[in-house]
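Residue numbering restarts at 1 for every chain, and letters A, B, ... go by the order of the sequence lines.
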Number of protein chains: 2
Amino acid sequence: MISLAEENYLKALFNLAGQRGEVNVTELSKQLGIKMPTVTSMMKKLAEKKLVYYESYKPLRLTEKGKKEAALVIRKHRLTEMFLVEKMGLGWEDVHEIAEEVEHIRSTAFFDKMDELLGFPRIDPHGSSIPDKNGKFASIPYDKLCDCRVGETVKLSAVIHSSSEFLKFLTNRAIRLGIRMKIRSVEPFDGSMVIGYDNRQETLSRTVCERLLVEKGK
Amino acid sequence: MISLAEENYLKALFNLAGQRGEVNVTELSKQLGIKMPTVTSMMKKLAEKKLVYYESYKPLRLTEKGKKEAALVIRKHRLTEMFLVEKMGLGWEDVHEIAEEVEHIRSTAFFDKMDELLGFPRIDPHGSSIPDKNGKFASIPYDKLCDCRVGETVKLSAVIHSSSEFLKFLTNRAIRLGIRMKIRSVEPFDGSMVIGYDNRQETLSRTVCERLLVEKGK
DNA sequence: ATATTTTGTTAGATCATCCTAACATTATAG
DNA sequence: CTATAATGTTAGGATGATCTAACAAAATAT
Ligand SMILES: [Mn+2]
Ligand SMILES: [Mn+2]
Ligand SMILES: [Mn+2]
Ligand SMILES: [Mn+2]
């Protein structure tokens with residue numbers, strides 16, 4: 001049995017593990033807002049449960065079992081977000097906090113029903129992929145908007161998971177998933193971009209452009 | 001802040017407190033499946049928080065604050081059950097267990113949205129009253145089916161909250177809220193009743209009849 | 001190559017929730 | 001009105017999840 005606290009550690013490990021699949025204690029500690037000694041001792045416990053590979057002073061890695069369990073929590077989180085937006089009419093900026101709690105509900109029937117009512121969606125309201133029941137991801141390789149060139153037209157497909165403030169900022173500018181954006185210019189000085197979409201134009205800071213994931217040639 | 005465990009104690013206290021409003025440690029312990037010494041120490045904690053009146057060897061009573069907090073948990077529980085049945089298509093026998101977990105979600109926006117989507121229902125799928133946002137109940141005085149006389153026709157309005165086995169038993173016999181039941185006869189021997197409803201007739205044990213709440217002259 | 005900084009671990013404590021064993025009080029039955 | 005049974009409390013301990021202070025190892029800078 002995996003506790004609520006353990007589920008949050010697994011999820012954070014999964015989300016922080018990049019390509020290399022390695023996470024530092026410091027990073028994980030910051031992500032969770034939990035002090036390092038607490039993280040270390042939890043890592044030892046998760047290692048006993050065969051969910052994490054742990055060796056002193058080495059980076060943390062999830063085992064296959066750990067990855068699967070993490071993916072199942074992420075599945076519950078993202079299905080919840082999708083359900084809250086699609087079936088309950090909440091805004092994409094309001095659902096993450098609620099999902100952070102609902103993801104720990106144990107009843108699989110509850111989430112299976114959400115899945116069914118949603119028509120088995122493969123992406124959540126922020127454009128992230130929803131793992132299947134076996135914890136398998138269908139990950140689409142997006143590009144960051146900030147890595148695109150002047151003149152390109154791209155489709156906004158996902159936002160890097162973030163605060164409700166960021167999502168409200170986007171909503172205020174009518175920036176939402178699916179829109180086509182044309183890169184009009186890039187300020188070499190600070191990396192901010194002038195973007196055209198719909199019938200408008202906005203200057204977006206580099207910080208913003210790093211969090212917008214797009215598909216080229218779409 | 002009221003913890004998940006505390007919420008469960010408050011809810012159990014509220015549900016066990018009859019007219020007299022008093023609950024024994026033994027009863028509460030049995031209801032929650034938690035040993036008596038644990039209950040005693042939790043009562044001391046809830047007393048410090050002004051949620052319960054506690055004196056050694058005296059029956060337990062909720063304070064007004066305790067009643068309100070309990071009612072708010074019950075509100076979340078019953079709204080959830082209603083939502084699961086009405087908006088998600090689950091059976092009335094499947095929702096209690098899920099609601100037992102969902103009731104601890106802290107987001108009020110989540111439950112307010114359910115309430116709104118349901119059109120501000122006043123009863124849950126088992127016929128129990130849903131408290132309002134201030135924890136106020138509109139309690140309708142039901143009669144137990146077993147207290148009705150031969151020849152009476154009554155409307156089934158609620159079932160005393162119970163196991164999914166009981167609810168499946170009722171469903172298997174097409175017994176659901178709203179049906180009219182006519183008491184054909186009562187077996188003096190064991191109190192079982194022969195009941196006519198729809199176009200059928202069933203003999204229901206006293207145990208069953210004690211759990212069916214009806215309205216007379218409806 | 002050493003000194004300093006950053007990162008991670010150990011030791012020891014707290015708090016919440018639960019338990020069992022032993023004891024105390026209250027209620028009930030002869 | 002005692003003896004017994006039922007009910008409730010105290011004492012002491014376990015586990016899970018967290019913390020701070022002190023120490024150790026690894027990385028970095030001079
Ligand atoms: Mn989220
Ligand atoms: Mn969470
Ligand atoms: Mn219920
Ligand atoms: Mn509960």
Side-chain angles (χ1 to χ4, degrees), chain A residues 1-14 16-18 20-62 66 69-70 73 100-101 103-106, chain B residues 1-14 16-18 20-62 66 69-70 73 100-101 103-106:
Chain A
M1 193 76 303
I2 298 176
S3 71
L4 185 152
E6 288 168 346
E7 284 191 340
N8 283 334
Y9 280 92
L10 291 174
K11 190 158 63 83
L13 277 166
F14 193 102
L16 289 173
R20 263 201 353 293
E22 295 185 346
V23 183
N24 296 320
V25 175
T26 307
E27 280 176 87
L28 184 54
S29 166
K30 275 176 187 149
Q31 171 79 16
L32 290 166
I34 286 171
K35 294 290 185 295
M36 290 212 304
T38 307
V39 171
T40 297
S41 73
M42 182 58 97
M43 289 307 105
K44 289 176 176 174
K45 179 149 62 114
L46 292 179
E48 294 225 324
K49 293 190 173 189
K50 306 289 184 202
L51 293 162
V52 163
Y53 296 115
Y54 175 77
E55 289 178 90
S56 288
Y57 300 104
K58 298 265 176 70
L60 306 166
R61 279 178 311 119
L62 286 168
E69 293 298 340
V73 180
E100 203 56 52
E101 297 189 72
E103 69 189 359
H104 304 291
I105 302 285
R106 288 191 137 66
Chain B
M1 192 78 306
I2 298 176
S3 71
L4 186 151
E6 288 168 346
E7 285 191 339
N8 282 335
Y9 280 92
L10 292 174
K11 190 158 62 84
L13 276 166
F14 193 102
L16 289 173
R20 262 195 0 289
E22 296 184 346
V23 183
N24 297 318
V25 175
T26 307
E27 281 175 85
L28 184 54
S29 166
K30 275 175 186 149
Q31 172 78 17
L32 290 166
I34 286 171
K35 293 292 185 291
M36 292 212 303
T38 307
V39 170
T40 296
S41 74
M42 182 59 96
M43 290 307 105
K44 290 177 177 173
K45 180 152 60 116
L46 293 179
E48 294 223 324
K49 292 191 173 188
K50 306 289 183 202
L51 293 163
V52 163
Y53 295 116
Y54 175 78
E55 290 178 90
S56 288
Y57 299 104
K58 297 267 176 68
L60 306 166
R61 279 177 312 119
L62 286 169
E69 293 298 340
V73 180
E100 203 57 52
E101 297 189 73
E103 68 189 1
H104 304 292
I105 303 286
R106 274 171 153 85

Legend entry - salt bridge (charged side-chain N to carboxylate O under 4.0 Å, His left out) partners for A:Glu6, two or more places apart: A:Lys45, A:Lys49
Inset, instruction - Would you mind reading off the distance between B:Glu27 atom CD and D:dA6 atom P, rounded to a whole angstrom? - result: 16 Å
Check: residues 55-62 of chain B side-chain donor-acceptor pairs under 3.5 Å, at least two apart:
none

Any protein N or O atoms within reach of nucleotides 23-28 of chain C? Criterion: under 3.5 Å, listing atom names and distances.
from   : atom 1 : to      : atom 2 : distance (Å)
C:dT25 : O4'    : B:Tyr57 : OH     : 3.4

Inset, instruction - Kindly write out the residues that satisfy salt bridge (charged side-chain N to carboxylate O under 4.0 Å, His left out) with B:Glu101, not counting sequence neighbours, or none if the list is empty. - result: none
Legend entry - Partner residues of A:Phe14 under the ring-ring contact (aromatic ring centres under 6.0 Å, His included) criterion, sequence neighbours left out: A:Phe137
Inset, instruction - Using only side-chain N and O atoms of B:Asn24, determine if any of them is under 4.0 Å from OP1 or OP2 of D:dG8. - result: yes
Legend entry - Partners meeting side-chain hydrogen bond (donor to acceptor under 3.5 Å, both in side chains) with A:Lys44 (sequence neighbours left out): none
Legend entry - Value rounded to 0.5 Å, distance of CD in A:Glu27 from CG in A:Leu32: 11.0 Å
Inset, instruction - Can you sort out the partners of B:Gln31 under side-chain hydrogen bond (donor to acceptor under 3.5 Å, both in side chains), two or more places apart, ordered by chain and number? - result: none
Inset, instruction - To the nearest 0.5 Å, tell me how far A:Ile105 CD1 sits from B:Ile105 CD1. - result: 4.5 Å
Legend entry - Any residue meeting side-chain hydrogen bond (donor to acceptor under 3.5 Å, both in side chains) with A:Glu22, in chain and number order, not counting sequence neighbours: A:Arg20
Inset, instruction - Take atom NZ of A:Lys58 and atom C1' of C:dT7, then tell me their distance rounded to the nearest Å. - result: 15 Å
Inset, instruction - Name the nucleic acid region contacted by B:Lys30, choosing base, sugar-phosphate or nothing; use a 4.0 angstrom heavy-atom cut-off, strictly under. - result: nothing
Inset, instruction - Give me the bend of the helix from C:dA1-D:dT30 to C:dG30-D:dC1, using the axes of the five pairs at each end, rounded to 10°. - result: 0°
Legend entry - Length of the line joining B:Met43:CE and D:dT7:C1', which is rounded to integer Å: 16 Å
Legend entry - Those residues that, when tested against B:Glu103, pass side chain to side chain contact (heavy atoms under 4.5 Å, CB included) (two or more places apart): B:Asn8, B:Lys11, B:Val73, B:Lys76, B:His77, B:Glu100
Inset, instruction - Establish, with yes or no, whether the OP1 or OP2 oxygen of C:dT9 is under 4.0 angstrom from a side-chain nitrogen or oxygen of A:Lys44. - result: no
Polar pairs (N or O, both sides) under 3.5 Å between protein and nucleotides 14-19 of chain C?
from   : atom 1 : to      : atom 2 : distance (Å)
C:dT17 : OP1    : B:Ser3  : OG     : 2.6
C:dT17 : OP2    : B:Lys45 : NZ     : 2.2
C:dC18 : OP2    : B:Tyr9  : OH     : 3.2
C:dC19 : OP2    : B:Lys35 : N      : 2.9
C:dC19 : OP2    : B:Thr38 : OG1    : 3.1

Inset, instruction - For B:Glu69, check side-chain hydrogen bond (donor to acceptor under 3.5 Å, both in side chains) against everything at least two apart and list the hits. - result: none
